[in-house]
Amino acid sequence: MHTRLPEPNADERAHSDQLLLRLREEIAAHGPMPFSQYMHRCLYTPGLGYYSAGKAKFGAAGDFVTAPELGGLFARCVVNAVQPLLAALGDEADFLELGGGSGVFAEVALKGLAASGTMPRYYLILEPSADLRERQRLHLAASLPAELNARVQWLDGPPEADWRGVLFANEVIDALPTTRFTVQGGEIYEEHITLDGNGHLQRTDRPADALVSGAVRHVERDLGTTFADGYRSELLPQLPYWIQAIAGSLTAGVMLFIDYGYVRREFYLPERDDGTLMAHYRHRAHNDPLHLPGLNDLTASVDFTALAEAGKSAGFDLAVYLPQAQFLIGAGLQDVFQSMQAEVMDEHGGYQLAQQVKRLMLPDQMGERFQAMLFARGIDALSLPDDLLTADQRGRL
């Protein structure tokens, strides 16, 4: 069934089998498990989940490459976009990154902010994975000057006290445990994971609860149509509560989300009738989330219309929405590229820089597949770069 995927080694298979045993025990004890709960277990079970264990995740040695891992161009552009807002907030402003990856973004961002003369009071990283947190700590200690590294702090949860500053999340929402739904006889069902007669994981559908049914009906009303029988897709009914939880204490500042996804009418196209759920294993994408639990990254594309609704419900104003390519151009891509080009020491470095631009900007790479959405509260969003404001595409939502 998965002949095109690499085989795990003995340690990896034993790791997956250990998580699989826990899943079987939980399902046997409590009955079918909602897919969102299964996804959470696969990604975040302490010591066994994909993001909670020690396996390399980012870059050539991992399973996928994020924009910050390509090089410094992406992070420098993000700094250009938010630096005026951070400066306007003053010396007490903080920068909060959700999910710090390998620590590369934090390194480039802090160096860029220092060069611009706008330093946050603290650079905060909210990282649920103890393994990734330690990798970030080691990377930043080795790559930052001591005075910059001293500003970095890791959080165990969202800030509880009121704060001012910038909240940044790159490829975070796609990893939130998603709900899978389907329509049968005009009724809404939620996808669950259960066991077959041989103890193997399998999918099954059960009548959806009021929260999931209400969320699906809201999407239908917004689209002005009903889903056909057999249609299957994803949504995040918890998204408004998640936004409130992570940013409720942000009294003045901005939230910037960059992720892959679509506006609602494109997310729920009739032909996209099995949703957007994908698994990633050693740089190969496949559509079987039950394969080797704990060794695959599981993701679903973002409904940016839902994100806009969630941000507004949390008390934020939507300031800018546009594809990643347009965001990077508006954030000074050309100037950043020329600056980095001047720093290149050889032909190979020039080639690598050109490859960064292609991956970040081409429509069939990250340029159109990824979108940027920026919210503001308690601050004038007109402080954003003019080129970003003029390229705004909120009308598409």
Legend entry - Phe327 vs Leu256, side-chain contact (heavy atoms from CB on, under 4.5 Å): CA-CA, chis, key distance, verdict: CA-CA 11 Å; Phe327 171 81; Leu256 173 59; 3.8 Å; yes
Inset, instruction - Check the surroundings of atom CG in Asp91: do more than 12 heavy atoms from other residues, nucleotides or ligands lie under 6.0 Å from it? - result: no
Inset, instruction - Would you give the length of the straight line joining atom CG of Leu236 to atom CG of Asp174, rounded to the nearest 0.5 angstrom? - result: 10.0 Å
Legend entry - Passing option when Leu73 is tested against Val78, Val108, Val357 for side chain to side chain contact (heavy atoms under 4.5 Å, CB included): Val357
Legend entry - Check: Thr118/Gln83 side-chain N/O donor and acceptor closer than 3.5 Å: yes
Legend entry - Basic-acidic side-chain contact under 4.0 Å: Glu309, Arg264: yes
Inset, instruction - Taking only Lys NZ, Arg NE, NH1 and NH2, and the carboxylate oxygens of Asp or Glu, determine whether Arg22 and Glu25 approach each other closer than 4.0 Å. - result: no
Legend entry - Ion pair check, Glu107 and Arg76, cut-off under 4.0 Å: no
Legend entry - Under 3.5 Å side-chain donor-acceptor pair for Tyr123 and Gln153: no
Legend entry - Check: Tyr321 ring centroid to Phe304 ring centroid under 6.0 Å: yes
Inset, instruction - With rounding to the nearest 0.5 Å, note down the distance linking NZ in Lys312 to CG in Leu307. - result: 11.0 Å
Legend entry - More than 12 heavy atoms from other groups under 6.0 Å of CD on Gln338: yes
Legend entry - Donor-acceptor pair between Arg396 and Gln393 side chains, under 3.5 angstrom: yes
Legend entry - CA sep, side-chain torsions, deciding dist, call: Asp156, Arg133, salt bridge (Lys or Arg N to Asp or Glu O under 4.0 Å): CA-CA 10 Å; Asp156 295 321; Arg133 183 183 295 203; 3.1 Å; yes
Legend entry - Asp392 side-chain N/O to Leu388 backbone N/O, donor-acceptor pair under 3.5 Å: no
Legend entry - Test item: Ser16 side-chain N/O and Pro293 main-chain N/O as donor-acceptor pair under 3.5 Å: yes
Inset, instruction - Please report the shortest heavy-atom distance between Ile193 and Leu201, naming the atom on each side. - result: CG2-CD2, 4.0 Å
Inset, instruction - Search all heavy atoms of His40 against all heavy atoms of Pro177 and return the closest pair with its distance. - result: CB-CG, 3.7 Å
Legend entry - Under 3.5 Å side-chain donor-acceptor pair for Tyr51 and Asp297: yes
Inset, instruction - State whether Arg232 and Glu191 are salt-bridged, where the test is any N-O pair (Lys NZ or Arg NE/NH1/NH2 against Asp/Glu carboxylate O) under 4.0 Å. - result: yes
Legend entry - salt_bridge(Arg41, Glu26) N-O dist < 4.0 Å: yes
Legend entry - For Leu140 against Gly103, the heavy-atom pair lying closest together: CD2-O, 3.4 Å
Inset, instruction - Could you tell me whether the side chains of Tyr262 and Asp303 share a donor-acceptor contact shorter than 3.5 Å? - result: no
Inset, instruction - Using atom types as modelled and distance alone, determine if a side-chain donor or acceptor of Ser249 lies under 3.5 Å from a backbone N or O of Pro159. - result: yes
Inset, instruction - Indicate yes or no: at least one non-hydrogen side-chain atom of Leu23 is less than 4.5 angstrom from one of Met33. - result: yes
Legend entry - Ion pair Glu127/Arg137, N-O distance below 4.0 Å: no
Inset, instruction - State, to 0.1 Å, how close Tyr231 and Pro270 come at their nearest heavy-atom pair, and which atoms those are. - result: CE1-O, 3.6 Å
Inset, instruction - Decide yes or no for Arg164 and Asp94: does some side-chain heavy atom of the first lie under 4.5 Å from some side-chain heavy atom of the second? - result: no
Inset, instruction - Measure up the His286 and His291 rings against each other and bin them: parallel (under 30°), tilted (30 to 60°), perpendicular (over 60°). - result: perpendicular
Legend entry - Approximate separation, where rounding is to 0.5 Å, of Leu239 CG and Ser313 OG: 8.0 Å
Inset, instruction - Kindly compute the distance separating CE (Met373) from CE (Met255), expressed to the nearest 0.5 Å. - result: 10.0 Å
Legend entry - Aromatic Phe316 / basic Arg377 pairing, under 6.0 angstrom, 45° off normal: yes
Legend entry - Donor-acceptor under 3.5 Å (Asp380 side chain, Leu382 main chain): yes
Legend entry - Taking every non-hydrogen atom, the tightest pair across Phe267 and Ser233: CE2-OG, 3.5 Å
Inset, instruction - For Asn9, look at atom CG and say whether over 12 heavy atoms of other residues, nucleotides or ligands are found less than 6.0 Å away. - result: yes
Inset, instruction - Apply side-chain contact (heavy atoms from CB on, under 4.5 Å) to the pair Val320 and Arg394, showing each step before the final yes or no. - result: CA-CA 7 Å; Val320 171; Arg394 279 175 292 173; over 6 Å; no
Inset, instruction - Check whether any side-chain heavy atom of His218 sits under 4.5 Å from a side-chain heavy atom of Leu223, and report yes or no. - result: no
Inset, instruction - Given side-chain hydrogen bond (donor to acceptor under 3.5 Å, both in side chains), test Ser129 with Tyr44 step by step and report yes or no. - result: CA-CA 8 Å; Ser129 167; Tyr44 303 110; over 6 Å; no
Legend entry - Close side-chain approach of Leu98 and Phe168, heavy atoms under 4.5 Å: no
Legend entry - Close side-chain approach of Leu235 and Tyr268, heavy atoms under 4.5 Å: yes
Legend entry - Test item: Met39 and Thr178 side chains (from C-beta on) under 4.5 Å apart, heavy atoms: yes
Legend entry - Smallest separation among heavy atoms of Leu397 and Ala308, with atom names: CD1-CB, 4.1 Å
Inset, instruction - May I ask you to decide whether Asp17 forms a salt bridge with Arg24, counting only side-chain N to carboxylate O separations under 4.0 Å? - result: no
Inset, instruction - Compute whether any side-chain donor of one residue and acceptor of the other, for Thr276 and Glu234, lie under 3.5 angstrom apart. - result: yes
Inset, instruction - Answer yes or no: is there a donor N or O on one side and an acceptor on the other, between the side chain of Asp131 and the main chain of Ser52, under 3.5 Å? - result: no
Legend entry - Pairwise distance CG(Leu124) to CH2(Trp163) - rounded to 0.5 angstrom: 7.0 Å
Legend entry - Backbone N/O of Gly186 and side chain of Asp229: donor-acceptor pair under 3.5 Å: yes
Legend entry - Derivation of the side-chain contact (heavy atoms from CB on, under 4.5 Å) call for Glu134 and Gln136: CA-CA 5 Å; Glu134 184 58 22; Gln136 294 156 13; over 6 Å; no
Inset, instruction - Find the distance between CD1 (Ile246) and CG (Leu126) and round it off to the nearest 0.5 Å. - result: 8.0 Å
Inset, instruction - Could you check if a side-chain atom of Arg206 sits within less than 4.5 angstrom of a side-chain atom of His192, using non-hydrogen atoms only? - result: yes
Inset, instruction - Please step through side-chain contact (heavy atoms from CB on, under 4.5 Å) for the pair Gln184 and Asp205, ending with a clear verdict. - result: CA-CA 10 Å; Gln184 300 175 18; Asp205 298 320; 3.2 Å; yes
Legend entry - Cationic N near anionic O, under 4.0 Å, Asp222 to Arg217: no
Inset, instruction - Check whether more than 12 heavy atoms from other residues, nucleotides or ligands sit under 6.0 Å from atom CD of Glu160, and answer yes or no. - result: no
Inset, instruction - Would you please indicate yes or no on a ring centroid separation below 6.0 angstrom for Phe227 and Phe181? - result: yes
Inset, instruction - Flag the pair Arg121 and Glu92 as a salt bridge only when some basic side-chain nitrogen lies within less than 4.0 angstrom of an acidic carboxylate oxygen. - result: yes
Legend entry - Check: Phe74 and Ile258 side chains under 4.5 Å, non-hydrogen atoms: yes
Legend entry - Ionic contact status for Arg272 with Glu266, cut-off 4.0 Å: no
